[in-house]
Amino acid sequence: MAKIGFIGLGNMGGPMASNLIKAGHDVTVFDLSEELMDAAVADGASKADTAAGVLNGAEFVVSMLPNGNIVKDLYIHKDALLDQMDSSTLVIDSSTIASEDAVEVHQAAAAKGIAMIDAPVSGGVGAAKAGKLAFICGGVAGDVEKARPVLEQMGKAAFHAGESGAGQIAKICNNMLLAVHMIGTAEALQMGVNAGLDPKVMTEIMTASSGRNWSLDTYNPYPGVQDGVPAGNDYQGGFLVKLMSKDLGLAEAAADKFSARTPMGDLARELYRQHGEAGFEDRDFSSILKMLQQ
Ligand code: NAD
């Protein structure tokens, strides 16, 4: 079993760390929230007082943080973990950040002889809890293989998308598509409801038809259709609107950089921006249904 440092115990990182502990690893955690660290300690983790405190002989450091600036502060600038890390440590950053930021951290790590992969995840909080995430990795193939046994204890699959940063590109392509099909699913369900149809029956019909998609059959935005999704809990927890907006900003920047036309992605970004401004920033992204009910 490995010695693992885990940084960022939020909606996703908390259950991911918990699955590593359950798998028998020796996990030391750090988060800005004492409460979240205490929850991890109750699961069997050790708690560090600072980010650098997780390093202590760690073979792997996993980070699950909100954005690229925080990740760069952690590894390069403020906490400068790369300056304090043993070169045998493998860094796995699972945060969703710009591919440029991932490459910057990768290069800073490589300059110190430290291996790093970007390994953002697909799957929501439910998949994180169930250990069924999909990791989308960028980096050197050998490093991805070295990380695989650890990733597979938090997920069902680990893909190698390409070199450093490629995991982040594949991830935001996926999330741009996710935003588009969530909005489309909410639109279709609400139109049916406005016409007097039952959203459960609509879901059953479209799940068996060509409109079938993940937002419909696994993460339904209409309250009361499915159990265990944020729609059934006033859109609390899950994947926050502000994080989806961040991802759509990353997608738009990548579209500009690679000269890709993404009109649906651009529209999704604008709708999520308006939805966040309307007070839904800290609600799950399936709450976009509320915008369509007004
Ligand atoms: P979250 O806001 O719930 O958790 C982030 C955690 O990081 C918080 O607990 C916060 O205290 C901690 N943190 C922030 N700065 C820190 C620092 N400097 N040092 C230590 N801890 C720090 O976010 P989340 O939903 O867990 O998402 C994390 C990442 O995963 C994001 O990049 C997000 O885009 C991505 N993601 C989220 C989902 C989802 O469904 N929530 C799905 C896929 C990917």
Side-chain angles (χ1 to χ4, degrees), residues 5-19 28-40 45 47-55 61-81 92-99 101-102 105 118-130 132-137 151 154-155 167-168 170-179 182 214-215 218-219 221 228-231 233 235-251 272 281-287:
F6 202 108
I7 301 169
L9 301 168
N11 287 321
M12 296 295 286
M16 288 164 70
S18 175
N19 281 329
T28 303
V29 298
F30 180 70
D31 193 287
L32 300 179
S33 157
E34 282 290 333
E35 201 184 327
L36 292 176
M37 284 203 285
D38 289 343
K47 168 163 116 175
D49 292 336
T50 61
V54 310
L55 295 179
V61 169
V62 184
S63 44
M64 192 55 169
L65 295 165
N67 62 53
N69 284 337
I70 293 177
V71 172
K72 288 193 290 184
D73 271 350
L74 177 73
Y75 288 110
I76 306 173
H77 306 302
K78 195 163 147 264
D79 299 296
L81 290 196
I92 302 171
D93 180 45
S94 283
S95 324
T96 303
I97 62 174
S99 63
D101 290 340
V105 179
D118 43 303
V121 302
S122 167
V125 175
K129 286 184 181 157
K132 291 196 169 154
L133 294 168
F135 288 86
I136 308 169
C137 307
L151 299 180
M154 298 182 281
Q168 297 293 354
K171 161 73 190 173
I172 51 157
C173 289
N174 179 74
N175 273 27
M176 182 175 73
L177 175 59
L178 169 64
M182 177 55 81
W214 186 87
S215 296
T218 308
Y219 209 89
V229 292
N233 187 26
Y235 304 102
Q236 307 282 349
F239 181 41
L240 306 186
V241 166
K242 64 184 175 195
L243 291 177
M244 176 53 97
S245 289
K246 173 198 71 169
D247 289 3
L248 290 168
L250 295 175
Y272 272 108
E281 285 262 287
D282 290 312
R283 295 295 171 104
D284 179 72
F285 81 114
S286 62
S287 64

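Whatever order the structure lists ligands and atoms in, that order sets their numbers, starting from 1.
- Counting protein heavy atoms only, atom 4 (O) of ligand 1 is closest to G10 CA, 3.2 Å.
- Taken from CZ in F6 to CD1 in I92, the straight-line distance is 9.5 Å, to the nearest 0.5 Å.
- The single protein non-hydrogen atom nearest to atom 37 (C) of ligand 1 is M12 CG, 3.5 Å, given as residue, atom name and distance.
- Residue P66 places a heavy atom less than 4.0 Å from ligand 1.
- The closest approach between a heavy atom of K171 and any atom of ligand 1 is below 4.0 Å.
- Looking only at atom types and distance, the side chain of D31 has no donor-acceptor partner in the side chain of S33 under 3.5 Å away.
- For the residue pair Y219 / D284, a side-chain donor-acceptor distance below 3.5 Å is found, with atom types taken as modelled.
- Using 4.0 Å as the threshold, S94 has no heavy atom nearer than that to any atom of ligand 1.
- Ranking the protein heavy atoms by distance from atom 12 (C) of ligand 1 puts D31 OD2, 3.3 Å first.
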Side chain to side chain contact (heavy atoms under 4.5 Å, CB included) evaluation trace for D93 with V105: CA-CA 10 Å; D93 180 45; V105 179; over 6 Å; no
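- Nearest to atom 18 (N) of ligand 1 among the protein's heavy atoms is I70 CG2, 3.8 Å.
- With respect to atom 31 (C) of ligand 1, the closest heavy atom belonging to the protein is L65 O, 3.3 Å.
- Here the side chains of K242 and D282 are in contact, with some heavy-atom distance below 4.5 Å.
- Among protein heavy atoms, the minimum distance from atom 23 (O) of ligand 1 is reached at L243 CD1, 3.8 Å.
- Sorted by first and then second residue, the salt bridge (charged side-chain N to carboxylate O under 4.0 Å, His left out) pairs with a member in residues 70-79 read K72-D101, K72-E104; sequence neighbours excluded.
- Polar contact with ligand 1: absent for G124 (N/O pair, distance under 3.5 Å).
- Of all protein heavy atoms, the one lying nearest to atom 3 (O) of ligand 1 is N11 N, 2.9 Å.
- Taking a cut-off of under 4.0 Å to the non-hydrogen atoms of K246, the atoms of ligand 1 that pass are 31 (C), 32 (O), 33 (C), 34 (O).
- In this structure, the protein non-hydrogen atom closest to atom 17 (C) of ligand 1 is L32 CG, 3.7 Å.
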